[in-house]
Amino acid sequence: MPELPEVETVARQLAPRVTGRQVRALRIVDPLLRRGSVPVVAGRKVEDVKRSGKRVLFELSPRRGRRDRLWLAVHLRMTGRLLWRGGEERRPRPRHRARFTMDGGELLFADTRRFGTFDWYRRREDAAPGGVEPLSDDFTVARLVDLLGASPQELKPWLLRQDRIVGLGNIYASEILHRARLSPFRPAGSLTRKEARRLRDATRRILERAIANCGTTFSDFQDARGVEGSYQQFLAVYDGAGEPCRRCRTPIVRNVQQQRSTFHCPACQQWP
DNA sequence: ACCCTCCTGTCA
DNA sequence: TGACAGGAGGGT
């Protein structure tokens, strides 16, 4: 469940449950998750939980009598999930890669495909991602035009890059381009200012609506405490090859760009 | 600027 | 059995 709206949803649901709690122990079950050394976490308090790009960022207090504040960025990748289990939970634990034991409950990191990562930072500025947050005030038309530059890269793969704009993934990139009526095959650098404005506005609108609906959930394999999105009912093109375009009824087409599916309407997303 | 790979599960 | 899956780092 890993694009910006889904990660935002996870962070929002998690924050009130774990903020203020003290971590008693961290057990990393899957050795793949411990690249390099893992800092001491026991005894620290969770002071903040928020989204940063596509990652969930935990701010952990210094240990008693020290000033070694710590940040943990959890990247969910394709299948990662953060599950809070209150102290009264009696059902068996689901399979997981890491477990934080806290006052009053435990936080599990479950991740079937095991692509997810933990990254530890000693300084807040190191924990921030590279690109601009698309929902921040920094994401202006001028900024977008500047980022697009003269890039020859096709627009859709360009949107997936995290070093310019953070948070977009395969679903929302297609949805955004459809809303903006831009071809996914256009060179990113070929947009006019007017088109860049459409792209900026569509990006914001789609992401905001997706967040308002707690993101997109495929299949139905969420645990009781897991996050369940409802934005899938608003998807205009993603996973809809052959379905009529909501604007013009032309059948949606699936293509592959950089080994990933792209969905678009060949009629209202033309590039002459 | 591309292809491959990491890993597991599901579906046709 | 092979294709595909919401991601991205590494190599060429």
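Here the structure is a predicted model, which is why all the values come from computation and not from measurement. In what follows, chains are A, B, ... by sequence order, proteins preceding strands, each numbered from 1.
For the residue pair A:Arg181/A:Gln270, the side-chain donor-acceptor check at 3.5 Å is not satisfied. Between A:Asn170 and A:Lys156, the side chains place a donor N or O and an acceptor N or O closer than 3.5 Å (distance only, hydrogens not considered).
When the C1' atom of C:dC4 is taken as reference, atom CD of A:Gln258 falls 17 Å away, rounded to whole Å. We find that CG of A:Asp163 is positioned 15 Å from P of C:dG7, with the value rounded to whole Å. Straight-line distance from the CG atom of A:Leu76 to the P atom of B:dC7: 19 Å, rounded to whole Å. The distance between atom CG of A:Leu168 and atom C1' of C:dA8, rounded to the nearest whole Å, is 14 Å. Straight-line distance from the CH2 atom of A:Trp158 to the P atom of B:dC2: 15 Å, rounded to whole Å. For A:Leu32 and B:dT5, the CG to P distance is 17 Å, given to the nearest whole Å. In this structure, A:Asp111 places its CG atom 10 Å from P of B:dT8, rounding to the nearest Å. One can place NZ of A:Lys156 at 13 Å from P of B:dC2, the figure rounded to the nearest angstrom.
Applying the 4.0 Å criterion to OP1 and OP2 of C:dG7, one finds that A:His75 has every side-chain N and O outside that range.
You'll find the side chain of A:Met102 stays beyond 4.5 Å of the side chain of A:Gln22, heavy atoms only.
Ion pairing between A:Arg91 and A:Glu89 holds under the 4.0 Å rule for side-chain N and carboxylate O. A:Arg44 has a carboxylate O that lies under 4.0 Å from a charged side-chain N of A:Asp68, or vice versa, which qualifies the two as a salt bridge.
Of the candidates B:dC3, C:dA5, B:dC2, the closest approach to any side-chain atom of A:Gln153 belongs to B:dC2. With C:dA5, B:dC3, B:dG9 as the candidates, the nucleotide lying closest to the side chain of A:Thr112 is B:dG9. Out of B:dC7, C:dG7, B:dC3, the shortest distance to the side chain of A:Glu3 is found at C:dG7. Residue A:Arg95 places its side chain closer to B:dG9 than to any other of C:dG7, C:dC4, B:dG9. When the nucleotides B:dA1, C:dA5, C:dA8 are ranked by their closest atom to the side chain of A:Arg254, C:dA5 comes out on top.
The P atoms of C:dG11 and B:dC7 are separated by 16 Å, rounded to the nearest whole Å.
Heavy atoms of A:Pro157 sit nowhere under 4.0 angstrom from any nucleic acid atom. As judged by a 4.0 angstrom heavy-atom cut-off over every strand, A:Ser261 is placed among residues touching the sugar-phosphate backbone only. Using a 4.0 Å heavy-atom criterion, one finds that A:Gln259 contacts the bases of the nucleic acid, with or without backbone contacts as well.
For A:Phe115 and C:dG7, the ring-to-base geometry satisfies the stacking test (centroid distance below 5.5 Å, interplanar angle below 30°).
Judged by Watson-Crick or G-U wobble contacts below 3.5 Å, the nucleotide B:dC4 has C:dG9 as its partner.
The base of C:dA5 has none of its N or O atoms less than 3.5 Å from a complementary donor or acceptor on the side chain of A:Arg260. No hydrogens or angles were tested; on distance alone, nothing pairs the side chain of A:Arg114 with the base of B:dC7 as donor and acceptor under 3.5 Å.
Aromatic rings of A:Phe263 and A:His178 (six-membered ring for Trp) have centroids beyond the 6.0 Å cut-off, not under it.
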